[in-house]
Amino acid sequence: MECGSYRLIKKSSQCKARLGQVYTSRGVIDTPVFMPVGTQGTVKGVATEYLVSSGAQIILANSYHLYLRPGTDIIKKAGGIQKFNSWDKPMLTDSGGFQIFSLNDIRKLTEEGAKFQSHIDGSTHFFSPEKSMQIQKDIGADIIMCFDECTPYPAQYKYAKDSMELSLRWAKRCKDEFYKDDSFETQALFGIIQGSIYEDLRKQSAREMVAMGFTGYAIGGVSVGEPKEEKEKVIDIVEPLLPQDKARYLMGVGMPEDLWEGVERGIDMFDCVIPTRNGRNGQVFTSLGKLNIRNAEFREDFSPLDPGCNCPTCKGYSKAYLNHLVRAQESLYLSLLSLHNIYFMINLMLKIRKSLENDTFLETKKEFFSKYYNSREKS
RNA sequence: GGGGGUGUGGCAGAGUGGUCUAAUGCACCAGACUGUAAAUCUGGCGGGCUUGCCCUUCGGUGGUUCAAAUCCAUCCGCCCCCA
(Lines give C-alpha, C1' and ligand atoms only; values in the text may rest on other atoms or scores of the structure.)
Protein backbone atom coordinates (compact mmCIF):
# COMPACT_ATOMS: atom_id res chain seq x y z
CA MET A 1 0.00 0.00 0.00
CA GLU A 2 1.25 3.46 -0.85
CA CYS A 3 2.40 5.49 2.14
CA GLY A 4 -0.18 8.13 3.00
CA SER A 5 -2.98 6.43 1.13
CA TYR A 6 -6.51 6.77 2.42
CA ARG A 7 -9.17 4.14 2.88
CA LEU A 8 -12.75 5.24 3.37
CA ILE A 9 -14.51 2.97 5.83
CA LYS A 10 -17.85 4.62 6.28
CA LYS A 11 -19.49 7.82 5.22
CA SER A 12 -21.99 9.56 7.47
CA SER A 13 -25.55 9.50 6.20
CA GLN A 14 -26.08 12.85 7.93
CA CYS A 15 -23.29 15.00 6.56
CA LYS A 16 -19.95 14.83 4.79
CA ALA A 17 -18.13 13.28 7.75
CA ARG A 18 -15.98 10.26 6.92
CA LEU A 19 -14.64 7.42 8.99
CA GLY A 20 -11.45 6.10 7.48
CA GLN A 21 -7.80 5.17 7.76
CA VAL A 22 -4.52 6.59 6.55
CA TYR A 23 -1.81 4.08 5.87
CA THR A 24 1.83 4.78 6.67
CA SER A 25 4.87 2.54 6.98
CA ARG A 26 4.84 3.12 10.73
CA GLY A 27 1.24 2.19 11.23
CA VAL A 28 -2.33 2.86 10.31
CA ILE A 29 -4.03 6.03 11.48
CA ASP A 30 -7.73 5.97 12.27
CA THR A 31 -9.42 9.10 10.99
CA PRO A 32 -10.77 11.63 11.69
CA VAL A 33 -7.62 12.27 13.71
CA PHE A 34 -6.16 15.03 15.82
CA MET A 35 -2.38 15.38 15.55
CA PRO A 36 -0.58 17.04 18.46
CA VAL A 37 2.11 19.47 17.37
CA GLY A 38 5.70 18.89 18.41
CA THR A 39 7.51 21.66 16.63
CA GLN A 40 10.97 20.94 17.98
CA GLY A 41 10.59 17.19 17.83
CA THR A 42 8.73 17.15 21.12
CA VAL A 43 5.16 17.81 22.03
CA LYS A 44 6.03 20.50 24.56
CA GLY A 45 5.77 19.28 28.10
CA VAL A 46 4.57 15.78 27.26
CA ALA A 47 6.92 12.81 27.50
CA THR A 48 6.61 10.29 24.67
CA GLU A 49 5.28 7.53 26.93
CA TYR A 50 2.37 9.75 28.00
CA LEU A 51 1.76 10.72 24.41
CA VAL A 52 1.46 7.03 23.62
CA SER A 53 -0.91 6.40 26.52
CA SER A 54 -3.08 9.32 25.44
CA GLY A 55 -3.84 7.40 22.28
CA ALA A 56 -2.18 9.95 19.99
CA GLN A 57 -1.64 8.25 16.63
CA ILE A 58 0.54 10.75 14.83
CA ILE A 59 2.39 13.90 15.80
CA LEU A 60 3.95 16.79 13.90
CA ALA A 61 7.40 18.27 13.81
CA ASN A 62 8.70 21.31 12.01
CA SER A 63 11.34 21.46 9.29
CA TYR A 64 12.43 25.00 9.95
CA HIS A 65 12.93 24.49 13.66
CA LEU A 66 14.70 21.13 13.41
CA TYR A 67 16.87 22.39 10.56
CA LEU A 68 18.09 25.28 12.73
CA ARG A 69 18.43 23.15 15.84
CA PRO A 70 19.76 20.53 16.27
CA GLY A 71 20.32 20.41 12.49
CA THR A 72 19.27 17.74 10.05
CA ASP A 73 22.73 16.10 10.12
CA ILE A 74 22.22 15.16 13.76
CA ILE A 75 18.72 13.86 13.13
CA LYS A 76 20.05 11.80 10.24
CA LYS A 77 22.82 10.40 12.45
CA ALA A 78 20.22 9.57 15.09
CA GLY A 79 18.47 7.48 12.47
CA GLY A 80 15.60 9.83 11.75
CA ILE A 81 13.29 11.84 13.94
CA GLN A 82 11.41 8.84 15.32
CA LYS A 83 14.58 7.22 16.61
CA PHE A 84 15.67 10.58 17.96
CA ASN A 85 12.57 11.25 20.03
CA SER A 86 11.51 7.65 20.72
CA TRP A 87 8.19 8.03 18.96
CA ASP A 88 7.80 5.02 16.72
CA LYS A 89 4.34 5.85 15.42
CA PRO A 90 3.54 7.95 12.37
CA MET A 91 4.81 11.45 12.14
CA LEU A 92 4.27 14.43 9.87
CA THR A 93 6.56 17.37 9.22
CA ASP A 94 5.49 20.81 8.23
CA SER A 95 7.57 22.37 5.49
CA GLY A 96 8.48 25.76 6.92
CA GLY A 97 5.61 27.35 5.04
CA PHE A 98 3.95 28.44 8.24
CA GLN A 99 7.16 30.21 9.29
CA ILE A 100 6.90 32.39 6.17
CA PHE A 101 3.68 33.55 7.78
CA SER A 102 4.71 33.73 11.43
CA LEU A 103 8.24 35.07 10.92
CA ASN A 104 6.92 37.80 8.64
CA ASP A 105 9.34 40.45 9.90
CA ILE A 106 12.51 38.40 9.57
CA ARG A 107 11.99 36.73 6.24
CA LYS A 108 12.04 37.71 2.57
CA LEU A 109 10.05 36.00 -0.13
CA THR A 110 11.09 35.58 -3.76
CA GLU A 111 10.08 33.29 -6.60
CA GLU A 112 13.01 31.08 -5.75
CA GLY A 113 12.14 30.64 -2.07
CA ALA A 114 12.26 32.32 1.33
CA LYS A 115 15.22 33.85 3.06
CA PHE A 116 14.89 33.59 6.84
CA GLN A 117 16.80 35.16 9.62
CA SER A 118 17.10 32.58 12.33
CA HIS A 119 14.97 33.57 15.32
CA ILE A 120 17.65 31.92 17.44
CA ASP A 121 20.83 33.75 16.43
CA GLY A 122 19.88 36.02 13.54
CA SER A 123 21.87 34.07 10.95
CA THR A 124 20.50 33.96 7.42
CA HIS A 125 19.07 30.78 5.89
CA PHE A 126 17.38 30.06 2.59
CA PHE A 127 14.48 27.68 2.07
CA SER A 128 13.37 26.71 -1.39
CA PRO A 129 10.79 24.04 -2.22
CA GLU A 130 13.69 21.74 -3.09
CA LYS A 131 15.52 22.51 0.14
CA SER A 132 12.39 21.91 2.20
CA MET A 133 11.93 18.53 0.52
CA GLN A 134 15.53 17.57 1.27
CA ILE A 135 15.17 18.63 4.90
CA GLN A 136 11.93 16.70 5.29
CA LYS A 137 13.48 13.62 3.73
CA ASP A 138 16.39 13.89 6.14
CA ILE A 139 14.09 14.29 9.11
CA GLY A 140 12.28 11.21 7.90
CA ALA A 141 8.63 11.73 8.84
CA ASP A 142 5.97 9.55 7.22
CA ILE A 143 3.96 12.41 5.80
CA ILE A 144 5.65 15.55 4.57
CA MET A 145 4.14 18.79 3.35
CA CYS A 146 4.69 20.98 0.32
CA PHE A 147 6.58 24.19 0.91
CA ASP A 148 3.97 26.93 0.55
CA GLU A 149 3.18 30.42 1.66
CA CYS A 150 0.59 30.41 4.41
CA THR A 151 -1.27 33.50 3.22
CA PRO A 152 -1.93 35.95 6.02
CA TYR A 153 -5.41 37.22 6.87
CA PRO A 154 -6.75 39.59 5.83
CA ALA A 155 -5.21 39.54 2.37
CA GLN A 156 -6.15 41.71 -0.59
CA TYR A 157 -7.40 39.72 -3.56
CA LYS A 158 -4.30 40.49 -5.61
CA TYR A 159 -1.97 39.40 -2.82
CA ALA A 160 -3.98 36.24 -2.16
CA LYS A 161 -3.95 35.35 -5.87
CA ASP A 162 -0.22 35.92 -6.31
CA SER A 163 0.48 34.03 -3.10
CA MET A 164 -1.74 31.11 -4.07
CA GLU A 165 -0.15 30.90 -7.53
CA LEU A 166 3.32 31.02 -6.03
CA SER A 167 2.34 28.10 -3.78
CA LEU A 168 1.12 26.24 -6.87
CA ARG A 169 4.45 26.72 -8.66
CA TRP A 170 6.27 25.70 -5.52
CA ALA A 171 4.06 22.62 -5.17
CA LYS A 172 5.14 21.51 -8.65
CA ARG A 173 8.78 21.95 -7.66
CA CYS A 174 8.18 20.06 -4.40
CA LYS A 175 6.65 17.19 -6.28
CA ASP A 176 9.47 17.04 -8.81
CA GLU A 177 12.07 17.10 -6.05
CA PHE A 178 10.24 14.60 -3.88
CA TYR A 179 9.97 11.94 -6.58
CA LYS A 180 13.61 12.23 -7.60
CA ASP A 181 14.54 9.26 -5.39
CA ASP A 182 12.73 6.39 -3.68
CA SER A 183 11.57 8.39 -0.64
CA PHE A 184 7.97 7.92 -1.75
CA GLU A 185 8.24 4.31 -0.66
CA THR A 186 8.33 5.37 3.00
CA GLN A 187 7.07 8.94 2.87
CA ALA A 188 3.99 10.64 1.48
CA LEU A 189 3.83 14.16 0.10
CA PHE A 190 0.68 16.19 0.73
CA GLY A 191 -0.23 19.28 -1.27
CA ILE A 192 -1.61 22.44 0.32
CA ILE A 193 -4.51 24.47 -1.01
CA GLN A 194 -4.37 28.24 -0.53
CA GLY A 195 -6.43 31.18 -1.81
CA SER A 196 -7.38 33.01 1.38
CA ILE A 197 -11.16 33.51 1.65
CA TYR A 198 -11.78 34.03 -2.08
CA GLU A 199 -13.97 31.39 -3.64
CA ASP A 200 -12.48 31.47 -7.14
CA LEU A 201 -8.93 31.38 -5.77
CA ARG A 202 -9.68 28.46 -3.49
CA LYS A 203 -11.29 26.60 -6.36
CA GLN A 204 -8.41 27.33 -8.72
CA SER A 205 -5.91 26.17 -6.10
CA ALA A 206 -7.86 23.00 -5.35
CA ARG A 207 -8.33 22.09 -9.03
CA GLU A 208 -4.72 22.66 -9.96
CA MET A 209 -3.37 20.85 -6.90
CA VAL A 210 -5.60 17.87 -7.58
CA ALA A 211 -4.59 17.90 -11.24
CA MET A 212 -0.96 17.89 -10.16
CA GLY A 213 -1.69 14.86 -8.04
CA PHE A 214 -0.70 14.38 -4.41
CA THR A 215 -1.12 11.57 -1.94
CA GLY A 216 -3.22 13.77 0.31
CA TYR A 217 -4.54 17.32 0.33
CA ALA A 218 -4.36 19.95 2.99
CA ILE A 219 -6.31 23.15 3.34
CA GLY A 220 -3.88 25.79 4.51
CA GLY A 221 -4.15 29.48 5.24
CA VAL A 222 -6.95 29.02 7.75
CA SER A 223 -6.93 29.77 11.48
CA VAL A 224 -4.84 32.83 10.85
CA GLY A 225 -7.29 35.29 12.37
CA GLU A 226 -10.32 34.95 10.09
CA PRO A 227 -13.82 34.56 11.58
CA LYS A 228 -15.03 31.02 12.20
CA GLU A 229 -17.65 31.29 9.44
CA GLU A 230 -15.00 32.19 6.86
CA LYS A 231 -13.01 29.12 7.79
CA GLU A 232 -16.05 26.90 7.41
CA LYS A 233 -16.91 28.55 4.10
CA VAL A 234 -13.42 27.77 2.80
CA ILE A 235 -13.88 24.09 3.66
CA ASP A 236 -17.28 24.05 1.98
CA ILE A 237 -15.76 25.55 -1.18
CA VAL A 238 -12.75 23.25 -1.35
CA GLU A 239 -14.10 19.91 -0.13
CA PRO A 240 -16.27 19.05 -3.16
CA LEU A 241 -13.22 19.44 -5.39
CA LEU A 242 -11.10 16.97 -3.43
CA PRO A 243 -10.97 13.29 -4.41
CA GLN A 244 -12.91 10.97 -2.11
CA ASP A 245 -10.07 8.47 -2.03
CA LYS A 246 -7.48 10.86 -0.57
CA ALA A 247 -7.03 12.19 2.96
CA ARG A 248 -8.01 15.79 3.68
CA TYR A 249 -6.07 17.68 6.26
CA LEU A 250 -7.18 21.01 7.74
CA MET A 251 -3.97 22.67 8.84
CA GLY A 252 -3.64 24.43 12.18
CA VAL A 253 -7.13 23.59 13.43
CA GLY A 254 -8.11 23.73 16.14
CA MET A 255 -10.44 24.38 18.95
CA PRO A 256 -12.82 21.57 19.97
CA GLU A 257 -15.72 23.24 18.19
CA ASP A 258 -13.61 23.58 15.02
CA LEU A 259 -12.90 19.85 15.03
CA TRP A 260 -16.61 19.05 15.00
CA GLU A 261 -17.27 21.55 12.23
CA GLY A 262 -14.33 20.28 10.21
CA VAL A 263 -15.29 16.63 10.46
CA GLU A 264 -18.87 17.48 9.56
CA ARG A 265 -17.55 19.08 6.38
CA GLY A 266 -15.45 16.11 5.36
CA ILE A 267 -12.05 16.71 6.98
CA ASP A 268 -9.95 13.72 8.11
CA MET A 269 -6.91 15.23 9.77
CA PHE A 270 -6.28 18.18 12.08
CA ASP A 271 -3.29 19.55 13.92
CA CYS A 272 -3.06 22.34 16.43
CA VAL A 273 -0.76 23.78 19.10
CA ILE A 274 -3.72 24.76 21.22
CA PRO A 275 -3.80 21.86 23.67
CA THR A 276 -0.17 22.39 24.62
CA ARG A 277 0.21 26.13 24.28
CA ASN A 278 -3.05 26.91 26.02
CA GLY A 279 -2.23 24.31 28.63
CA ARG A 280 1.03 26.09 29.35
CA ASN A 281 -0.98 29.28 29.68
CA GLY A 282 -3.45 27.76 32.13
CA GLN A 283 -6.38 27.16 29.82
CA VAL A 284 -7.95 23.76 30.16
CA PHE A 285 -10.52 22.06 27.95
CA THR A 286 -13.19 19.97 29.61
CA SER A 287 -16.42 18.33 28.57
CA LEU A 288 -18.14 21.12 30.49
CA GLY A 289 -16.33 23.91 28.69
CA LYS A 290 -13.07 25.80 28.91
CA LEU A 291 -11.65 27.06 32.14
CA ASN A 292 -8.54 28.86 33.30
CA ILE A 293 -7.05 26.94 36.18
CA ARG A 294 -5.22 30.08 37.35
CA ASN A 295 -8.50 31.72 38.33
CA ALA A 296 -9.34 32.33 41.97
CA GLU A 297 -12.49 30.20 41.82
CA PHE A 298 -10.33 27.05 41.76
CA ARG A 299 -8.22 27.78 44.82
CA GLU A 300 -10.28 25.46 46.97
CA ASP A 301 -11.80 23.23 44.33
CA PHE A 302 -10.55 19.75 45.12
CA SER A 303 -12.28 18.04 42.21
CA PRO A 304 -10.48 16.99 39.00
CA LEU A 305 -10.38 19.20 35.89
CA ASP A 306 -12.92 17.07 34.08
CA PRO A 307 -15.01 14.51 35.97
CA GLY A 308 -15.16 12.12 33.03
CA CYS A 309 -11.51 12.31 32.01
CA ASN A 310 -9.18 9.31 32.13
CA CYS A 311 -5.93 11.28 31.88
CA PRO A 312 -3.16 11.02 34.48
CA THR A 313 -3.72 14.63 35.51
CA CYS A 314 -7.39 14.11 36.27
CA LYS A 315 -6.75 10.78 37.94
CA GLY A 316 -4.08 12.15 40.24
CA TYR A 317 -4.57 15.83 40.90
CA SER A 318 -7.23 18.33 41.88
CA LYS A 319 -7.98 21.75 40.46
CA ALA A 320 -6.87 23.32 43.73
CA TYR A 321 -3.47 21.63 43.49
CA LEU A 322 -3.05 22.58 39.82
CA ASN A 323 -4.06 26.13 40.67
CA HIS A 324 -1.36 26.12 43.34
CA LEU A 325 1.27 24.76 40.92
CA VAL A 326 0.47 27.48 38.40
CA ARG A 327 0.61 30.24 41.01
CA ALA A 328 3.85 28.88 42.38
CA GLN A 329 5.26 28.65 38.86
CA GLU A 330 6.18 25.05 39.46
CA SER A 331 7.12 23.55 36.11
CA LEU A 332 5.07 20.41 36.70
CA TYR A 333 1.89 22.26 35.75
CA LEU A 334 3.17 22.74 32.20
CA SER A 335 3.18 18.99 31.71
CA LEU A 336 0.04 18.19 33.66
CA LEU A 337 -2.12 20.74 31.86
CA SER A 338 -0.68 20.00 28.41
CA LEU A 339 -1.21 16.30 29.00
CA HIS A 340 -4.82 16.78 30.00
CA ASN A 341 -5.56 18.92 26.96
CA ILE A 342 -3.92 16.38 24.65
CA TYR A 343 -6.07 13.65 26.17
CA PHE A 344 -9.10 15.85 25.74
CA MET A 345 -8.50 16.34 22.01
CA ILE A 346 -7.62 12.70 21.43
CA ASN A 347 -10.68 11.52 23.36
CA LEU A 348 -12.82 13.99 21.47
CA MET A 349 -11.73 12.45 18.17
CA LEU A 350 -12.34 9.00 19.57
CA LYS A 351 -15.87 10.05 20.44
CA ILE A 352 -16.30 11.46 16.95
CA ARG A 353 -15.08 8.26 15.31
CA LYS A 354 -17.39 6.19 17.48
CA SER A 355 -20.33 8.37 16.49
CA LEU A 356 -19.44 7.81 12.84
CA GLU A 357 -19.34 4.07 13.37
CA ASN A 358 -22.83 4.31 14.83
CA ASP A 359 -23.86 6.94 12.30
CA THR A 360 -24.95 9.27 15.09
CA PHE A 361 -22.52 12.12 14.38
CA LEU A 362 -24.98 15.00 14.50
CA GLU A 363 -26.70 13.82 17.68
CA THR A 364 -23.36 13.32 19.37
CA LYS A 365 -22.19 16.72 18.22
CA LYS A 366 -25.32 18.38 19.58
CA GLU A 367 -24.92 16.62 22.89
CA PHE A 368 -21.27 17.66 23.13
CA PHE A 369 -22.03 21.29 22.39
CA SER A 370 -24.90 21.52 24.85
CA LYS A 371 -22.61 20.39 27.66
CA TYR A 372 -19.55 22.26 26.44
CA TYR A 373 -21.26 25.63 26.14
CA ASN A 374 -23.85 25.56 28.91
CA SER A 375 -22.56 23.61 31.87
CA ARG A 376 -20.14 26.03 33.47
CA GLU A 377 -22.49 29.01 33.27
CA LYS A 378 -25.15 27.06 35.14
CA SER A 379 -22.95 25.95 38.01
C1' G B 1 22.09 58.87 78.11
C1' G B 2 24.47 60.94 73.20
C1' G B 3 24.22 61.01 67.79
C1' G B 4 22.04 59.79 63.11
C1' G B 5 18.26 57.90 59.99
C1' U B 6 13.42 56.55 58.53
C1' G B 7 7.86 56.04 58.03
C1' U B 8 4.52 56.33 50.47
C1' G B 9 -1.03 52.12 47.58
C1' G B 10 -1.39 44.25 49.58
C1' C B 11 4.42 44.02 49.53
C1' A B 12 9.08 46.12 47.84
C1' G B 13 10.35 50.81 46.17
C1' A B 14 10.64 55.82 43.19
C1' G B 15 9.00 60.70 43.94
C1' U B 16 11.11 65.73 47.98
C1' G B 17 6.04 72.50 46.60
C1' G B 18 1.88 72.54 41.46
C1' U B 19 2.31 68.41 35.38
C1' C B 20 0.58 63.00 41.89
C1' U B 21 -4.35 58.51 42.53
C1' A B 22 1.42 58.84 43.06
C1' A B 23 6.89 55.66 38.41
C1' U B 24 8.55 50.58 38.40
C1' G B 25 8.54 45.51 39.96
C1' C B 26 5.99 41.77 42.56
C1' A B 27 1.39 40.02 44.30
C1' C B 28 -3.66 40.05 43.05
C1' C B 29 -8.21 40.05 39.32
C1' A B 30 -9.52 38.83 34.44
C1' G B 31 -8.92 38.01 29.12
C1' A B 32 -6.42 36.23 24.71
C1' C B 33 -3.84 32.19 22.34
C1' U B 34 -5.62 27.78 16.11
C1' G B 35 0.44 24.08 10.07
C1' U B 36 4.55 27.05 18.09
C1' A B 37 10.05 33.27 17.69
C1' A B 38 4.57 31.91 23.16
C1' A B 39 5.89 28.48 30.78
C1' U B 40 3.75 34.12 26.36
C1' C B 41 0.94 38.45 25.56
C1' U B 42 -3.07 42.11 26.82
C1' G B 43 -6.06 44.71 30.16
C1' G B 44 -7.45 45.90 35.23
C1' C B 45 -5.83 46.79 40.20
C1' G B 46 -8.87 53.60 46.34
C1' G B 47 -14.46 54.96 45.81
C1' G B 48 -18.60 56.98 42.86
C1' C B 49 -21.24 58.04 38.75
C1' U B 50 -23.93 61.32 34.03
C1' U B 51 -16.78 58.08 31.82
C1' G B 52 -15.70 63.21 32.23
C1' C B 53 -15.44 64.73 36.27
C1' C B 54 -16.13 64.53 41.57
C1' C B 55 -14.62 62.55 46.34
C1' U B 56 -10.81 60.00 49.43
C1' U B 57 -5.40 58.85 49.79
C1' C B 58 1.69 59.07 50.96
C1' G B 59 2.30 57.23 60.03
C1' G B 60 -1.19 60.84 63.45
C1' U B 61 -2.41 65.90 64.57
C1' G B 62 -1.80 70.99 63.77
C1' G B 63 0.39 74.73 60.73
C1' U B 64 2.79 77.63 56.31
C1' U B 65 1.07 78.34 51.12
C1' C B 66 -3.23 80.25 45.90
C1' A B 67 -1.23 75.00 45.98
C1' A B 68 1.71 69.86 50.51
C1' A B 69 3.46 62.84 49.69
C1' U B 70 7.01 66.98 49.25
C1' C B 71 8.08 72.79 53.87
C1' C B 72 7.45 73.74 59.53
C1' A B 73 5.91 72.11 64.59
C1' U B 74 4.55 68.25 67.47
C1' C B 75 3.21 63.31 68.66
C1' C B 76 3.63 58.07 67.51
C1' G B 77 6.37 53.86 65.35
C1' C B 78 10.70 51.59 63.43
C1' C B 79 16.12 51.23 62.36
C1' C B 80 21.45 52.13 63.04
C1' C B 81 25.90 53.88 65.67
C1' C B 82 28.28 55.34 70.38
C1' A B 83 27.75 54.75 75.64
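Chain identifiers are assigned alphabetically (A, B, ...) following the order of the sequence lines, protein sequences preceding nucleic acid strands; residue numbering begins at 1 within each chain. Excluded from the calculations below are hydrogen atoms, water molecules and symmetry mates; all remaining heavy atoms, backbone and side chain alike, are included. None of these values were measured; they are calculated from a predicted model.
Nearest-nucleotide positions on RNA chain B place A:Gly225 closer to the 5' end than the other of A:Gly225 and A:Arg280. Of the residues near RNA chain B, A:Leu334 and A:Lys44, the one whose nearest nucleotide (by heavy atom distance) lies more toward the 5' end is A:Lys44.
Between A:Phe302 and A:Tyr321, the ring centre distance reaches or exceeds 6.0 Å. Aromatic pair A:Phe184/A:Phe178: ring centres not closer than 6.0 Å. Under the 6.0 Å cut-off for aromatic ring centres, A:Tyr217 and A:Phe190 do not qualify, their centroids lying 6.0 Å or more apart. The aromatic ring centroids of A:Phe101 and A:Phe98 lie less than 6.0 Å from each other.
Base-pair partner of B:rC41: B:rG31 (Watson-Crick or G-U wobble, both distances under 3.5 Å). A 3.5 Å limit on both hydrogen-bonding distances identifies no Watson-Crick or G-U partner for B:rU21. Under the Watson-Crick or G-U wobble criterion, with both distances below 3.5 Å, B:rG77 is paired with B:rU6. Across every strand in view, B:rC71 sits in a pair with B:rG63 that passes the Watson-Crick or G-U test at under 3.5 angstrom.
Nucleotides B:rA83 and B:rA14 are separated by 37 Å at their C1' atoms, to the nearest Å. Spacing of P atoms, B:rG46 relative to B:rG10, comes out at 10 Å, to the nearest Å. B:rC82 and B:rU16 have their C1' atoms separated by 30 Å, with the value rounded to a whole Å. When the P atom is used for both B:rG3 and B:rC55, the distance is 45 Å, rounded to whole Å. Going from the P atom of B:rG44 to that of B:rU61 covers 32 Å, rounded to whole Å. Rounded to whole Å, the separation between the C1' atoms of B:rC29 and B:rC20 comes to 25 Å. B:rU57 and B:rG9: their P atoms are spaced 14 Å apart (whole Å). Atom name C1', nucleotides B:rA68 and B:rG63: the rounded distance is 11 Å, in whole Å.
Residue contacts for A:Tyr333: at a heavy-atom cut-off of 4.0 Å it reaches the sugar-phosphate backbone alone, with no base atom in range.
Per the geometry, CD belonging to A:Gln40 stands 9 Å off P belonging to B:rA37, to the nearest Å. Rounded to an integer number of Å, the gap from A:Asn104 CG to B:rU36 C1' is 16 Å. In this structure, the CD atom of A:Glu149 is 17 Å from the P atom of B:rG35, given to the nearest Å. When the P atom of B:rU34 is taken as reference, atom CZ of A:Phe285 falls 11 Å away, rounded to whole Å.
Residue-to-nucleotide contacts include no donor-acceptor pair under 3.5 Å from the side chain of A:Asn62 to the base of B:rG35.
Other residues sharing a hydrophobic cluster with A:Val28 under the 4.5 Å side-chain heavy-atom criterion for ILVMFWY residues are A:Met1, A:Tyr23.
Checking A:Asp271 against A:Tyr249 by side-chain atom types alone, a donor-acceptor pair falls below 3.5 Å. Donor-acceptor pairing under 3.5 Å is recorded for the side chains of A:Gln82 and A:Asp142.
A:Asn295 contributes no side-chain N or O that, together with a main-chain N or O of A:Glu297, makes up a donor-acceptor pair within less than 3.5 Å.
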| query | In the 5'-to-3' direction, what one-character label does each nucleotide of nucleotides 25-33 of chain B receive under the scheme B = base within less than 4.0 Å of a protein heavy atom, S = sugar-phosphate only, - = no such atom? | reply | ---SSSBBB
